[in-house]
Amino acid sequence: MSGALPVLYSFRRCPYAMRARLALAASGEPYELREVVLRDKPAELLAASPKGTVPVLVLPDGTVIDQSLDVMLWALRRHDPQGWLAPPHASMDEMLALVGHNDGEFKRHLDRYKYPNRYPDESAGDVQAFALLHRTEGAAWLARLDGMLGDGWLFGARASLADMALLPFVRQFAHTDAVWFAAQAWPRLQAWLSGFEAGTLYAGVMGKHAPWRETNAQVQC
Ligand SMILES: N[C@@H](CCC(=O)N[C@@H](CS)C(=O)NCC(=O)O)C(=O)O
């Protein structure tokens, strides 16, 4: 029975995997979840996608979808009961542009803010200043998002693909220094994030599962 399900290789805290699980959950598409240890990836994952990042979705016919945004689009194009692909005030191109900025420039600043020690060639010895510089750069983007959230969500009064693609990354940024984040004048952004984190959709995709290879237990979502 479960052999007929799409298989998602995932890592619980990875924001890319999170956005894939969010879209799969919203679509109602059943799938088998395989929690991965990034330092010890299962051979099955690497055989499906040698680049070795998560998420990777393997369909029953062998098709491999190995970009998180493509997993979201695959799921939502099959079933999109909440209308994430058609929000009130945005075209698909506008949503994809926002996701592109998030995955490019914002992710670059997020990584350097969160893990400043990983960039000795860039930080010129002052890791603290380097982290704060990238926090400032990321904050400019978050202020822009705050300005877009007047109706509660990025493109109107309900969630869209763009909201769910961005929220896991904004969450990481926020939790890097939660006290600092809470002190910023971004009331809409803070409410957007805390509403998301308090919601059932988020809770539903953040369950803890033992690594797949250790247990071989089948986790059906
Ligand atoms: N562009 C990819 C990026 C996915 C990605 O970088 N995932 C990270 C985890 S958050 C990963 O698997 N890194 C490989 C590793 O850490 O070994 C996507 O959108 O799916």
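Every value quoted in this text rests on a predicted model; they were computed, and no experiment measured them. In listed order, ligands and their atoms are each counted from 1.
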Protein heavy-atom partner closest to [atom] - residue, atom, separation in Å:
{"atom": "atom 18 (C) of ligand 1", "result": "Gln67 OE1, 3.2 Å"}
{"atom": "atom 4 (C) of ligand 1", "result": "Val54 O, 3.2 Å"}
{"atom": "atom 19 (O) of ligand 1", "result": "Ser68 OG, 2.6 Å"}
{"atom": "atom 13 (N) of ligand 1", "result": "Thr53 CG2, 4.0 Å"}

Proximal atoms of ligand 1 relative to [X] (non-hydrogen, under 4.0 Å):
{"X": "Leu38", "result": "12 (O), 16 (O)"}
{"X": "Pro55", "result": "20 (O)"}
{"X": "Gly52", "result": "14 (C)"}
{"X": "Cys14", "result": "7 (N), 9 (C), 10 (S)"}

Check whether Val219 and Tyr202 end up in the same hydrophobic cluster, where Ile, Leu, Val, Met, Phe, Trp and Tyr are linked by side-chain heavy atoms less than 4.5 Å apart.
no

Among Phe169, Tyr16, Tyr9, whose heavy atom sits nearest atom 6 (O) of ligand 1?
Tyr16

Give the C-alpha distance, both sets of side-chain angles, the deciding distance and a yes or no for side chain to side chain contact (heavy atoms under 4.5 Å, CB included) between Leu167 and Trp192.
CA-CA 9 Å; Leu167 272 160; Trp192 177 64; 3.5 Å; yes

Just heavy atoms, cut-off under 4.0 Å: does Lys41 contact ligand 1 by side chain, backbone, both, or neither?
side chain

Using only atom types and a distance under 3.5 Å, with no angle test, would you say the side chain of Arg19 pairs donor to acceptor with the backbone of Met164?
no

Under 30°, 30 to 60°, or over 60°: which ring-plane class applies to Tyr9 and Trp212, parallel, tilted or perpendicular?
perpendicular

On the 0 to 90° scale, with breaks at 30° and 60°, tag the Tyr113-Trp180 ring pair as parallel, tilted or perpendicular.
perpendicular

Are Thr53 and Tyr16 packed together at the side-chain level, in the sense that at least one heavy-atom pair is separated by less than 4.5 angstrom?
no

Electrostatic pair Arg12:Glu35 at N-O distance under 4.0 angstrom
no

